[in-house]
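The next block holds one structure in the form of structure tokens; read it before the comments.
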Amino acid sequence: MADGRIAVIGTGYVGLTSGTCLASLGHEVVCGDVDPDKVARMSGGEVPIFEVGLEELMQQGIAAGNLSFVHGSKEAARGAKYVFLCLPTPDGGDGRADLRIVHQVVAEIGPLLDPGAILVTKSTVPVGTAKEITRTLNRDDVSVVSNPEFLQEGSAVKNFMQPDRVVVGSDDRVAAEAVAELYSKLGAPTVITSAESSELIKYASNAFLAMKLSFINSIAGLAEVVGADVTEIANGMGYDDRIGNKFLKAGPGWGGSCFPKDTKALATIALDRGVSFPLLGATTVSNEEAQDRMADKVRESAGGDLAGVPVALWGLTFKAGTDDLRDSPALEVALRLDTEGALLRGYDPTVTADLPAKNGFPAIKAAADAYDAAAGAKVVVLLTEWPEFADIDLTKVAEVAPGAAIVDGRNMLDAERVIAAGLRYIPVGRREVR
Ligand code: UDX
């Protein structure tokens, strides 16, 4: 048990998961948020996000008395030994992370922190932020430590409880070790570094994974042209330990709240320092091309023109296991199809209401299920890898959308079965089976 209370400021995906999991390790945790309604709901054990296993753990923590929620950052930080900053760091519009919220909170809580308190940056922040916070704080008796999260939406609790590694960075070794100690029960490899290395480890990890995905998606494009199969290629590559078999599934591009923002932010960090890093720009461009190729497939399946063509979208979230639509490749593809005049109807297990037009993205009518979405469609495009799509009744699809083409953007369906049902099957990165 830590010899002091933990405050978590910000209860988004990262803050709520981290706070709840730290409490489940036995620490005393108080989470603060600016939204009083959300605080009231969380205090009643309600989880505002869709995250496997989180609600149960949160309710256990509240019942055990070592997890609570308060309104405001000052209320949470007062008297705490560890203060985790889990605040949004959105894209500032120029590729740089916008740190205004982080700085505002530091200014608010700085003067009231207890001597010996440790301020921990958990949000993804640019290199140099720990130093900058140290300067703004201007307190010799408070340490600043970087402790990036590596949580995947949909498996955040598992990622927290069984981490591949815990990374802690600071110029104050004692403070870094104290933060690492909070995770000691997990028995994970612990990497203690400088603050700058720790901050860069987070960006480097996310950008590397995004690059791996862009690479396999470009290989998929090439495979289609030369008559190869991207799933066979990924399998053959993955046996090499140095490459690994994870993150090699081709698809409609990658998205989410981290990869797009962090890849751009790292590119800007390098650019600002005059360091050439062309892979990062190419990673983003390749991703846009993967989305373009998916839209191309839909257009070709419709006979070359999408104007007035009913198209069903299976899956809208940026990946399965989450209700998050932020930077979703499915919506990027939808935007391309809408621009060409397609009539879109979408189904996603987590989307129950019609999506309004927002931030340049088109309005999408929400169907009750995959069959409802497919009814009358000329093309069905599978965009998010929800497991239920693998078990879809293809005969039923053929009944509601006779002769439709299925563009399988995640290579989830069995070609023979689709064709046997009387539908056309267009996979990604492999030859179309006729
Ligand atoms: C990511 C990182 O994995 C996590 O460590 C970090 O803390 C936050 O960003 P997340 O945004 O939840 O997590 O998504 P992730 O599971 O990594 O998937 C990102 C995107 O890549 C999704 O759009 C997903 O569909 C896509 N993807 C992933 C593929 O297209 N193919 C794959 O093989 C794996």
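Whatever order the structure lists them in is the order used to number ligands and atoms, beginning at 1.
Contact atoms of ligand 1 toward Glu153: 12 (O) (distance under 4.0 Å to a heavy atom of the residue). Counting the atoms of ligand 1 from 1 in the order shown, those under 4.0 Å from a heavy atom of Arg410 are 25 (O), 29 (C), 30 (O). Near Leu248, the atoms of ligand 1 lying under 4.0 angstrom from a non-hydrogen atom of the residue are 33 (O). The distance from ligand 1 to the heavy atoms of Gly255 drops below 4.0 Å at these ligand atoms: 19 (C), 20 (C), 23 (O). In the vicinity of Lys202, heavy-atom distances shorter than 4.0 Å reach the ligand 1 atoms 6 (C), 7 (O).
Using a 4.0 Å cut-off between heavy atoms, Glu385 contacts ligand 1 through its side chain alone, with no backbone atom that close. Neither the backbone nor the side chain of Lys261 comes within contact range of ligand 1; no heavy atom lies under 4.0 Å. At a heavy-atom distance under 4.0 Å, no atom of Thr322 approaches ligand 1. Using a 4.0 Å cut-off between heavy atoms, Asn206 contacts ligand 1 through its side chain alone, with no backbone atom that close.
Across Lys249, Glu149, Gln152, heavy-atom proximity to atom 16 (O) of ligand 1 is greatest for Gln152. Heavy-atom proximity to atom 2 (C) of ligand 1, evaluated over Trp254, Phe150, Phe318, Phe259, is greatest for Phe259.
An N or O contact shorter than 3.5 Å links Leu151 to ligand 1 by distance. At a 3.5 angstrom cut-off on N or O pairs, Pro329 does not count as close to ligand 1.
Within the 4.0 Å heavy-atom cutoff, Gly251 does not count among the residues contacting ligand 1.
Of the protein's heavy atoms, Cys258 SG, 3.1 Å lies nearest to atom 8 (C) of ligand 1. Considering only non-hydrogen protein atoms, atom 26 (C) of ligand 1 sits nearest to Leu213 CD1, 3.9 Å. The protein non-hydrogen atom at the shortest distance from atom 18 (O) of ligand 1 is Lys319 CD, 3.9 Å. Closest protein heavy atom to atom 17 (O) of ligand 1: Phe247 CZ, 3.2 Å.
Note on Glu224 versus Arg293: no salt bridge recorded, every NZ/NE/NH1/NH2 to OD/OE distance being 4.0 Å or above. Using a cut-off of 4.0 Å between Lys/Arg side-chain N and Asp/Glu carboxylate O, Asp296 and Arg299 are scored as salt-bridged. The pair Glu432-Arg424 meets the salt-bridge criterion, since a charged nitrogen lies less than 4.0 angstrom from a carboxylate oxygen.
Judged purely by atom type and a 3.5 angstrom limit, Arg431 uses its side chain to pair as donor or acceptor with the backbone of Gly227. Between the Thr190 side chain and the Ala188 main chain, a donor and an acceptor come within less than 3.5 Å of each other.
With rounding to the nearest 0.5 Å, the separation of CG in Leu87 from CZ in Arg100 is 13.5 Å. With rounding to the nearest 0.5 Å, the separation of CD in Glu288 from CD in Glu332 is 7.5 Å. How far CE of Met42 is from OG1 of Thr11: 3.5 Å, rounded to the nearest 0.5 Å.
Remark: Tyr371 OH is packed, more than 12 non-hydrogen atoms of other residues, nucleotides or ligands lying under 6.0 Å away.
The aromatic rings of Phe389 and Trp314 lie parallel to each other, their planes meeting at an angle below 30°, with 60° marking the opposite boundary.
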Starting from the C-alpha separation in whole Å, work towards a yes-or-no answer on side chain to side chain contact (heavy atoms under 4.5 Å, CB included) for His103 and Glu132. CA-CA 9 Å; His103 286 307; Glu132 209 177 309; 3.0 Å; yes

